[in-house]
Every structure is written in C-alpha cells, then in structure tokens.
Trainee: 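Take a look at this one; I'll ask things after.
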Amino acid sequence: MSPHFNMLRSLACAGLLSTSAMALAAPSAAPIFDVSRIVNDIKTLASDEFEGRGPATRAEGKTIDYIAAQMKAAGLRPAGDKGGWFQDVPLRMSDIIGTPTLSMNIAGVSQALTQGSDIAVRAAETGQPAVRFADLPLVFVGYGVTAPERGWDDFKGVDLKGKIMVVLVNDPDFEGGEGDFGGKLMTYYGRWTYKYEEAARQGAAGVLVVHESEPASYGWATVKNSNTNTMFDIVRADPKAAHTQMEGWIQKDLATKLLAASGVDFAAAKAAARRKDFKPIPLKATMSADYAVKSEIITSHNVAGLAPGSKYPTETVIYSAHWDHLGIGAPDAKGDTIYNGARDNASGTAALLELARAYAKGPKPERSVLFLAVTAEEKGLLGSEYYADNPLRPLATTAGVVNMDGPFGVEKTTNFSISGAAKLDLLTTLTEEGEKLGRHYTPDARPEAGSFYRSDHFPMAKRGVPAISFNPGRELVNGGEARGKELGDIYTRDRYHQPADQFDDSWNTDSWEGDMTLLYNVGRRVADSHGWPNWSADSEFRAVRDASAAQRK
C-alpha cells in the first residue's frame, strides 16, 4: 500500500474521513477497452472539420450531435431536458467588435497598447454595448485579496471607484508570504476569476492582472488566446455585480514600467504585497480605452446519457468531461487559426464515450451512471456550473463525480493524481483501485496552478458532492518524473490553448487502457454500493454535504 493510502486509512479511523469509501464493494471485472476506438473519437473531435468545438458556433451542433450519436449507439438512454440528449444552457455571449483602442499615459508620456501583445482585454460581460473611458487612474493593489478569516485585506479602505486595479496573479504565499495562504498550494484567492469578482465588489472601473508564467502556470500565448476571443458567462440578474466593464491582463514588463514611473521597484512591490501590512500604491499612470462590444443571450448545450441502475436507480454516479475548446481564433506563427483541442479536451470526451460503451454493454450498475459532456468549460466552467444549479438528477442523491480533462498519460506511468488537493473518500477509493493495478497516488505536482478550481468537478464540489478530476500522473516508466515533467512543460508551452494541440500519430498510448480501467473501477465501485462517500471532517465542503443527507431518506 502507498503511504498516501495508509494516511487516508488513518484519517478514516480517526474520524476525519468517513469509512463509507473503505467499505464500498469491489468492482466487477473491468471490460477490455478499445484504444483504437478512443483514438478515432479524438481524431474526429479534434479534426479541422470540428473547427475547435467553440460553443455557439456551427461546430457546436456538429459536436453535440456526434456525442449524442455515440451515446445512443453505445446503448445509453437520453437523460437531458424533456427526454432528449441535451440540456439547454443559457449563456451571455460577448465579442469585441473590431480592434480595441487602448493606451496609457505613464508619468506624462502616452503609450499605445497593442491587443494580444502588451495587453489582453476581454469583451465586457456586463451587457454594455461599448467600453469607453479616458484617463482613469491606475492603482496597484498587490494580490487584491480580502480574506477576513485570514485577517487579510489588501485594500485598506482605498476607494477604487473610477479607477483601474492592477493586481498580481496567484496568492501571497506563492513566492514565500507569511504563511496565511498555505504555501505553494493555490487557494481560490489566487485565481484570476477571484480577482475579477473582487474588483467588481470593490467598485473598480476595471482590473488588469499582471501575467507571469510561473505563478499563472502558463505562458502569455495562453493568456492571449483565452482572453481575446468570444467571452461567455452564465446569465446573471445583475452582471455588473460580478464584472467590471474592463477585465484583462498585462505583461510583466508593462507592470514593471508602471511601477518604476511611480518610483517603485517591481520586485520590492511584490515583496511588500506578501505581507499583511501592504497598502495599495497609486500609480503615476492613467488608462484610456475605446471599443464596441456585441452582447447577446444564446443557448449552448450539455449532453447527457444514462446507464440506469438495477438496484438504486434514483441514486447517481457521474462521469463528466467538457466537449468545448476555443474554436477559431487568431492565427499562430504557421497561420493556423483552428484551436483543435486534442488533449484539451477531445481526449476526455473520448474517454467518456468509451466508458459509456462499457457500462451500457456490461452488467448493469446498481446505481444509475450519468455520462455528462458539458459546454463552456474554457469560459469559466459554465456548463458544469449550470448543471450544478439545475441538476438533471438531484445532487443530494449523487454519490460522486469523476471528471476527465486530459485523462491520458503521454506515456505509460507508474502513478496517477487528481487536480489540486482535497481529502475525500473518493480519493481513498481511487488510491485503493490504483494500488490493485500496480500504480500509486502522487499529490498534484503543481499545486500552485490552482487546478482544483479549474476543472468541471469544482462546481459540484462546492455544492457538497464528492468530486475529483483525474490526472494520469507523470512518473514515466521510461524516463521517470524528470522526463514526465519535461514533456508536460513542452505541452504547456507549445500546445496548451494553441492551434498546435492536435492529434499526433506518434502519441504513445501504452497507458491508456490502464487509465480507462482505473477510471472504470472507481466509478463502478461507487455505483455498486449503497454507501455515501464524503469529504474529510475539516473540508470546506463537508457541511453542505452533511446537510443534504436528510434528502436521501
């Protein structure tokens, strides 16, 4: 047994984790998975014909029809709205019309800013038809965190109305703060989504996140490609309560220049921001912007298929994966404009379909198993967020969620992991099943990336449902962790959220059958049980899960 599993067993014995996962029935023998069929699904979904699978594009219909057809052929039952395969997901869609005019006046010197190069501003998600302002002052607010439970306030009462926030990415402990945020492990305060939300709460006119590759966990190409295309959001009664009129990112060099013009060294400002006594720094700079925005309410779709349970059909286990990617966008150096999204996340969708075939053709699970392909993950987990607010099957009787986002190893691995860090019975089950296959659990290799908040399991987790997002690990049989890290870094630098994320016939698929077997065994073990996995006693998600227990009777 791995040290991690022994630790989890100790937690269960001590009452920090429930023993329900420890007692779950052993899964029935796993089926044989057809890797060639998985490859074909990836090739199809990531082909140029599917145009990057952008929500609300002509590619959406082609994509969701393909997924539904595969679910039907597998033998699933439709589980969407009104007895169909789809769940309608209303979204606000926003686009910048033309090229935005952006500039700053830095210590009396005007500087034009190039969209996608110096700066990446998003289409306003407030519903307004244009963003137009002149000479608004900029204020450096450190990490932009208000965390009363940690005694932390980066704003110190400074009025930000009519001003632009300049804020660092990640949270104060990333580079050695005072320990209030748990070290390298990113909290939600470190996510850019939090920075945007906090800017709106502070009444700021806009917010600019300073990009640095290490604390962001990706390069500028990812920032540019993710922020300068079509934006989506859930439909809100008051969108201005969640968004400022201008949200975007700037390069570190520009931030350094802004601070230097105000007599402040960038490194010194970052060091100050890591302390509780940090105070906002007004900058000797202003910003102007002028661009039109087209905003409309559209309907995208989740795809849902069900393998009905034989014994507890009203109880549910969910496998999920997002079908969307970035669609068609700015050309790369080769002139390619299609963001194919082979690993992200045609691979997860292909795994979902192959698992659907296994469950539909094999022995009936005791609990029903829902296969959920969600939309608009790339726009902020919106399809899964909508499902969590409008579940097709009650969350109180959903035993657990296994999400798949890039679930296959680049080569055969000896380990596996999950996105982020969490203690829950579902991880105990995953660890046990992995041990049976000769693999061991390793904590997230990049806790600073905030992966727990970046996958479709998170909207379910924050509503109490035990949920994990599977990671195939990077300790390679050939080359070990060092080579696994090298290959992972190459993907992040050269392919992630870029047109180069395409299927490659040279991919090593040696680990894929093992990955599928592990995913199947975990879900099957929960499905063939009447136990209720839970979070650890000290988890922030435990209370809401416990409160839902009465609804199962």
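Everything numeric in this text was worked out from a predicted model, so none of it was measured.
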Trainee: Output yes when a side-chain donor or acceptor of Asp324 lies under 3.5 Å from a complementary backbone atom of Glu378, and no otherwise.
Mentor: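 At least one qualifying donor-acceptor pair exists.
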Trainee: Between Asp48 (side chain only) and Ile338 (backbone N and O only), is there a donor and an acceptor less than 3.5 Å apart?
Mentor: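 No, the answer is negative, given that no donor and acceptor are paired below the 3.5 Å cut-off.
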Trainee: Can you check whether Leu476 reaches Glu486 side chain to side chain, under 4.5 Å on heavy atoms?
Mentor: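 Leu476 does not reach Glu486 side chain to side chain.
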Trainee: Does Gln251 reach the main-chain N or O of Ser117 with its side chain, forming a donor-acceptor pair under 3.5 Å?
Mentor: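 Between the backbone of Ser117 and the side chain of Gln251 there is a qualifying donor-acceptor contact (under 3.5 Å).
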Trainee: For the backbone of Ala346 and the side chain of Trp323, can you confirm whether one donor and one acceptor N or O come within less than 3.5 Å of each other?
Mentor: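 No, because the side chain of Trp323 does not come within donor-acceptor range (under 3.5 Å) of the backbone of Ala346.
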Trainee: Closest heavy-atom contact between Val293 and Ser94?
Mentor: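 That closest heavy-atom pairing would be CG1-CB, 4.3 Å.
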Trainee: Would you give the length of the straight line joining atom CG of Asp88 to atom OG of Ser300, rounded to the nearest 0.5 angstrom?
Mentor: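 OG of Ser300 is found 9.5 Å from CG of Asp88.
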Trainee: Give me the ring orientation class for Tyr218 and His211: parallel if the planes are under 30° apart, tilted from 30 to 60°, perpendicular past 60°.
Mentor: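 Taking His211 first and then Tyr218, their aromatic rings lie parallel (interplane angle under 30°).
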Trainee: Could you check Trp85 against Lys72 for side chain to side chain contact (heavy atoms under 4.5 Å, CB included), going step by step and ending with a plain yes or no?
Mentor: CA-CA 9 Å; Trp85 291 101; Lys72 182 178 181 180; 3.6 Å; yes
Trainee: How many angstroms lie between atom NE2 of His322 and atom CG of Leu352, to the nearest 0.5 angstrom?
Mentor: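 Separation between the atoms: 12.0 Å.
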Trainee: Show your reasoning for whether side-chain hydrogen bond (donor to acceptor under 3.5 Å, both in side chains) applies to Asn229 and Lys379.
Mentor: CA-CA 10 Å; Asn229 57 6; Lys379 306 303 180 183; 3.3 Å; yes
Trainee: With distance as the sole test, does Gln115 use its side chain to make a donor-acceptor pair with the main-chain N or O of Val121 at under 3.5 Å?
Mentor: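 Yes.
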Trainee: Has the side chain of Lys195 got a donor or acceptor atom that lies under 3.5 Å from a matching backbone atom of Tyr143?
Mentor: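 Between the backbone of Tyr143 and the side chain of Lys195 there is a qualifying donor-acceptor contact (under 3.5 Å).
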Trainee: Picking from Glu247, Gln245, Lys240, what satisfies side chain to side chain donor-acceptor pair (under 3.5 Å) with His243?
Mentor: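 Among the candidates, only Glu247 passes.
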Trainee: Hydrogens and angles aside, do Thr375 and Asn302 bring a side-chain donor and acceptor to less than 3.5 Å of each other?
Mentor: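 Judged by distance alone, the side chains do not pair up.
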Trainee: When you measure from the side chain of Gln498 to the backbone N and O of Arg493, does any donor-acceptor pair fall under 3.5 Å?
Mentor: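 Judged by distance alone, yes, a pair lies under 3.5 Å.
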Trainee: Is there a donor-acceptor pair under 3.5 Å between the side chain of Asn340 and the backbone N or O of Ala342?
Mentor: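 No; zero donor-acceptor contacts below 3.5 Å.
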Trainee: Take Ile38 and Met516, measure what side chain to side chain contact (heavy atoms under 4.5 Å, CB included) needs, and give me the verdict at the end.
Mentor: CA-CA 10 Å; Ile38 296 170; Met516 291 296 299; 3.8 Å; yes
Trainee: Look only at the side chain of Gln87 and the backbone of Asn390, and say whether a donor-acceptor pair between them is shorter than 3.5 Å.
Mentor: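 Yes, the answer is positive, given that a donor and an acceptor are paired below the 3.5 Å cut-off.
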Trainee: Under 6.0 Å between ring centres, would you say that holds for Phe452 and Tyr188?
Mentor: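 Ring centroids of Phe452 and Tyr188 are no less than 6.0 Å from each other.
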Trainee: Are there over 12 heavy-atom neighbours, none belonging to Lys257, within less than 6.0 Å of that residue's NZ?
Mentor: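 Count not over threshold, so no.
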Trainee: Would you say that more than 12 heavy atoms from the other residues, nucleotides or ligands in this model lie under 6.0 Å from the CD1 of Ile297, or not?
Mentor: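 Yes, the 6.0 Å shell around CD1 holds more than 12 heavy atoms from other groups.
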Trainee: Can you confirm whether the side chains of Arg454 and Ser217 place a donor and an acceptor under 3.5 Å from each other?
Mentor: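 Per modelled atom types, Arg454 and Ser217 side chains form a pair under 3.5 Å.
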Trainee: Is the distance between the ring centroids of Tyr359 and Tyr319 less than 6.0 Å?
Mentor: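 Under 6.0 Å, so yes.
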Trainee: For Phe470, run the side-chain contact (heavy atoms from CB on, under 4.5 Å) check against Leu518, Asp405, Ile418 and tell me which one passes.
Mentor: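 Exactly one pass, corresponding to Leu518.
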Trainee: Under the 3.5 angstrom rule, does the side chain of Asp95 hit a backbone N or O of Ile97 as a donor-acceptor pair?
Mentor: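 Flag not set: sc Asp95 to bb Ile97 has no pair under 3.5 Å.
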